[in-house]
Amino acid sequence: MAIVRLWWNYVRVGVLGEVQYRVNFLVQLLQSAIALATGLIVLALIFSYTQTLGGWTGPELLALMGVHTLVGGLIHMSIQPNMERLMQDVQNGTLDYALIKPADSQALVSVREFRLWQGVDVAIGAIVIGVAVFQLREALGWEQALGFGLALLCGAGMIYAFWLILTTGAFWWVRMENLLELWQGLYSAGRAPVGIYPDWLRYGLTFLVPVAFAVTVPAEAVTGRLTLETLAGAVALAAALLIGARWFWFFGLKHYSGASA
Amino acid sequence: MKNLLDFYVGQMRIAAVTQLQYRAANYFYMIGMVAEPIVYLVVWSTIAEAQGGVVGGYTAGGFAAYYIVWTLVRNMNIVFTPYGWEWRIREGQLSGMLLRPIHPLHGDIAYFAGWKVAVIILWLPIAAVLALVFRPEINPTVQEVVVFFIAIWGAYLIRTMLLWLLGMITFWTTRVGALFELYFAAELLLSGRLVPMSVMPPWVQALSAWMPFRWAFQYPIEALVGDLPTEQLWLGLGMQALWIVLAGGAALIAWRWAVKQYSAVGG
């Protein structure tokens with residue numbers, strides 16, 4: 001509970017900081033609109049040549065795009081800013097200030113930043129999913145909604161764990177900024193359903209980098225393709241990754257000698 | 001002139017040597033970049049196969065060749081980011097640049113050109129792996145290879161000038177994000193980065209003919225991968241030169257106005 005209170009305090013501070021810059025909200029809205037328009041143009045281009053892509057119809061791929069936007073928004077709102085700050089702290093030696101605080105160190109470094117305006121993508125993603133569900137003309141039962149929520153939660157958890165593991169690497173290799181580029185590239189692969197990729201890439205995107213679980217699996221829930229086995233696998237993998245990330249964080253901390261050493 | 005040449009050689013050497021030190025960092029960067037064309041490649045070869053083999057004149061193997069060469073051209077397109085101007089201004093870097101006797105544009109061209117040398121070396125193994133995995137159909141003539149090697153540097157210069165010009169906006173306002181994103185979206189769709197122009201509807205192709213973007217992206221790829229007639233092959237280099245002069249001239253004029261706007265931070 002202490003963690004939730006801590007997180008909530010940082011969210012409040014983050015929100016207070018950002019509402020001072022209201023024009024940034026407009027800028028973010030414009031940027032998200034441009035990204036949305038580009039995505040829709042690409043979908044229109046693809047479906048001007050074909051009826052289905054890898055077994056997914058137009059509205060289904062629209063749902064996938066919505067999930068991709070929504071999860072991307074979550075990452076930019078919370079996960080990425082925190083991990084970037086952690087990398088900078090390691091480089092500048094300011095991590096010591098976080099470590100001497102009495103709170104759990106992993107929890108603290110994971111909640112310090114909150115970018116409110118990036119939430120625009122979360123909202124746009126949700127709207128796109130809504131439109132897609134409407135186009136699919138299938139009533140979404142509470143089981144699917146529940147499956148979607150759970151799959152989304154697991155996906156977000158996996159991405160957080162994946163990022164934390166990579167960022168912890170900064171204790172050994174200080175220059176980790178390029179990881180950001182690597183991540184952005186790999187995340188963009190989630191714009192297509194992972195089923196259309198060759199096997200080696202599909203496994204990579206599923207187990208090495210959890211893009212498939214973060215984007216394709218929740219989209220499967222919305223489009224009525226999610227099986228109970230996949231969902232169970234997502235829960236198990238999320239739990240394993242979160243435990244692994246926590247272990248690796250403390251392992252990394254042991255190797256961190258601080259700024260003055 | 002001799003001085004300028006020395007400056008270029010020195011700056012390029014520093015950049016190449018520095019970047020070859022950070023091989024792991026550069027590889028992360030480049031592998032992340034490879035994901036994008038793989039998405040396009042997989043999507044469009046899937047469509048090509050579903051459509052009886054060909055889309056917009058490209059077979060699956062043709063798309064493979066296009067998007068593998070894409071990775072090199074994309075790397076040649078990496079220049080000083082327009083977002084970087086805010087940092088230069090805010091951190092006072094610009095004041096130092098203004099004190100030097102050589103125009104700062106030279107500094108950027110030379111530094112990133114040197115980096116490109118490192119990038120091309122690091123790119124070769126990536127291209128080999130991609131070629132093994134995706135089996136491109138490619139059989140260039142000697143002439144095409146020659147034009148390609150000139151054209152990737154032409155592409156580099158066009159994009160340098162365009163992004164310099166774009167970055168100048170930062171001297172008037174720092175809320176540049178949306179504007180830059182709009183530019184990048186237009187570039188994505190009209191340059192051949194997303195798909196070869198022949199896949200696009202005719203009106204998009206017509207629009208792109210009037211823009212500089214395709215000369216910095218699709219043209220070098222087509223020079224190597226496509227079967228451009230000889231005169232079009234060489235004419236492309238002329239178009240590149242034209243756009244370098246136009247965009248470069250505009251960038252220099254904009255720079256002159258921009259510097260008048262500038263009052264050093266903390267100065």
Side-chain angles (χ1 to χ4, degrees), chain A residues 21 23-24 26-39 41-56 61 117 166 169 173-198 200-202 204-205 209 211, chain B residues 19 21-52 54-56 58 71 74 78 129-130 133-135 173-190 193-195 199-201 204:
Chain A
Y21 302 98
V23 180
N24 285 358
L26 268 180
V27 173
Q28 181 60 43
L29 201 63
L30 272 173
Q31 278 176 320
S32 301
I34 294 165
L36 178 68
T38 314
I41 290 172
V42 173
L43 280 188
L45 186 65
I46 289 173
F47 286 99
S48 72
Y49 283 99
T50 180
Q51 296 295 315
T52 61
L53 183 71
W56 292 59
L61 267 194
W117 297 145
L166 285 186
W173 305 284
V174 175
R175 262 190 71 150
M176 296 290 273
E177 306 96 84
N178 285 290
L179 272 180
L180 276 181
E181 300 293 332
L182 182 63
W183 164 259
Q184 260 150 17
L186 292 174
Y187 186 68
S188 73
R191 272 181 292 190
V194 290
I196 73 167
Y197 293 113
W200 58 274
L201 192 60
R202 193 169 66 234
L205 287 174
V209 185
V211 170
Chain B
Q19 293 304 330
Q21 297 279 319
Y22 295 107
R23 280 180 302 269
N26 268 310
Y27 262 120
F28 272 148
Y29 191 74
M30 292 171 80
I31 292 171
M33 206 182 278
V34 164
E36 185 190 338
I38 289 181
V39 179
Y40 304 153
L41 169 55
V42 171
V43 167
W44 288 102
S45 5
T46 309
I47 295 173
E49 269 151 30
Q51 296 296 302
V54 186
V55 168
Y58 285 85
T71 55
R74 173 79 186 102
I78 305 288
V129 171
L130 288 177
V133 176
F134 290 106
R135 314 231 159 256
T173 172
T174 50
R175 300 194 193 277
V176 285
L179 212 63
F180 290 173
E181 290 307 313
L182 192 63
Y183 173 91
F184 289 129
E187 189 186 45
L188 174 75
L189 297 172
L190 296 170
R193 173 170 165 182
L194 181 71
V195 284
V199 175
M200 285 284 189
V204 178

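Not measured: the values here are computed from a predicted model. In what follows, chains carry the letters A, B, and so on, assigned in the order in which the sequence lines appear, proteins first and then strands, with residues in each chain numbered from 1.
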Could you check if a side-chain atom of Val42(A) sits within less than 4.5 angstrom of a side-chain atom of Tyr40(B), using non-hydrogen atoms only? no
Looking only at Leu201(A), Ile41(A), Val23(A), most heavy-atom pairs under 4.5 Å shared with chain B are made by Val23(A)
Counting heavy-atom pairs under 4.5 angstrom with chain B, the leader among Thr38(A), Leu205(A), Ile196(A) is Ile196(A)
If one checks every heavy atom of Leu194(B) against chain A at 4.5 Å, the contacting part turns out to be side chain
*Would a distance-only check, ignoring hydrogens and angles, find a side-chain to backbone donor-acceptor pair under 3.5 Å from Trp200(A) to Val133(B)?*
no
Exam field: side chain Gln51(B) to backbone Tyr49(A), donor-acceptor pair closer than 3.5 Å | yes
Say whether, by atom type as modelled, one donor and one acceptor occur between the side chain of Tyr197(A) and the main chain of Gly204(A) under 3.5 angstrom.
no
Cut-off 4.5 Å, heavy atoms of chain A, and the answer for Val34(B) is neither
Highest number of heavy-atom pairs under 4.5 Å with chain A among Leu188(B), Thr46(B), Ile47(B), Val176(B) belongs to Ile47(B)
Honestly, the part of Leu53(A) sitting under 4.5 Å from a heavy atom of chain B is side chain
The interface call for Leu182(B) against chain A, heavy-atom contacts under 4.5 Å, is both
When the 4.5 angstrom heavy-atom criterion is applied to Thr50(A) and chain B, the contacting part is both
(Q) Is the distance between the ring centroids of Trp183(A) and Tyr187(A) under 6.0 Å? (A) yes
Problem set entry | Donor-acceptor contact below 3.5 Å, side chain Ser32(A) vs main chain Leu29(A) | no
Given Leu30(A), Asn24(A), Thr52(A), the one with more heavy-atom pairs under 4.5 angstrom with chain B than any other is Asn24(A)
**OP:** Determine whether Arg191(A) and Val43(B) make a side-chain contact, defined as any pair of heavy atoms from C-beta on separated by less than 4.5 Å.
**Re:** no
